[in-house]
Amino acid sequence: VELERSRGFFRCTVRDDSPAAPRRRRYSTDAVTGRGIALVETLAARWGSERDGTGKFVWFEMDVSDARDERGVIA
């Protein structure tokens, strides 16, 4: 897992050893798996995946404000 905060966005990148492309899956409402891509699609501004040898990187970005409060802390 790699986390990056840059001006205007937050990026999370995860690597795994599966070459299979991520895809939304349909599970029953009481299933304990299968919601990852649906959550990413709902929360992220952008997301994608890139193959890497035998595995892949999956990443998502969330837009953030660089506004600071009166103490100079990024909100």
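Computed from a prediction, not measured in an experiment: that's the story for all the values here. Both backbone and side-chain heavy atoms feed into the values below; hydrogens, waters and symmetry mates do not.
One distance of note links OG of S49 with CH2 of W59; it measures 9.0 Å at 0.5 Å rounding. Here the CG atom belonging to D52 is positioned 9.0 Å from the CD atom belonging to E50, to the nearest 0.5 angstrom. In this structure, E4 CD and T13 OG1 are separated by 7.5 Å, a value rounded to the nearest 0.5 Å.
Distance alone, capped at 3.5 Å, is enough to place a donor-acceptor pair between the K56 side chain and the A20 backbone.
When hydrophobic clusters are built by joining Ile, Leu, Val, Met, Phe, Trp and Tyr residues whose side-chain heavy atoms come closer than 4.5 Å, directly or via intermediates, V1 is grouped together with F10. Linking Ile, Leu, Val, Met, Phe, Trp and Tyr whenever their side-chain heavy atoms come within less than 4.5 Å puts V14 and L3 in one cluster.
In plain terms, the two heavy atoms of M62 and A44 that are nearest each other are CG-CA, 4.3 Å.
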Stepwise side chain to side chain donor-acceptor pair (under 3.5 Å) check, D30 with S28:
CA-CA 5 Å; D30 61 346; S28 68; 2.6 Å; yes
Working for side chain to side chain contact (heavy atoms under 4.5 Å, CB included), residues F60 and L43
CA-CA 9 Å; F60 69 88; L43 298 172; over 6 Å; no
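The closest side-chain heavy-atom distance from F57 to E2 is not below 4.5 Å. Counting heavy atoms from C-beta on, the side chains of Y27 and R35 never come closer than 4.5 Å.
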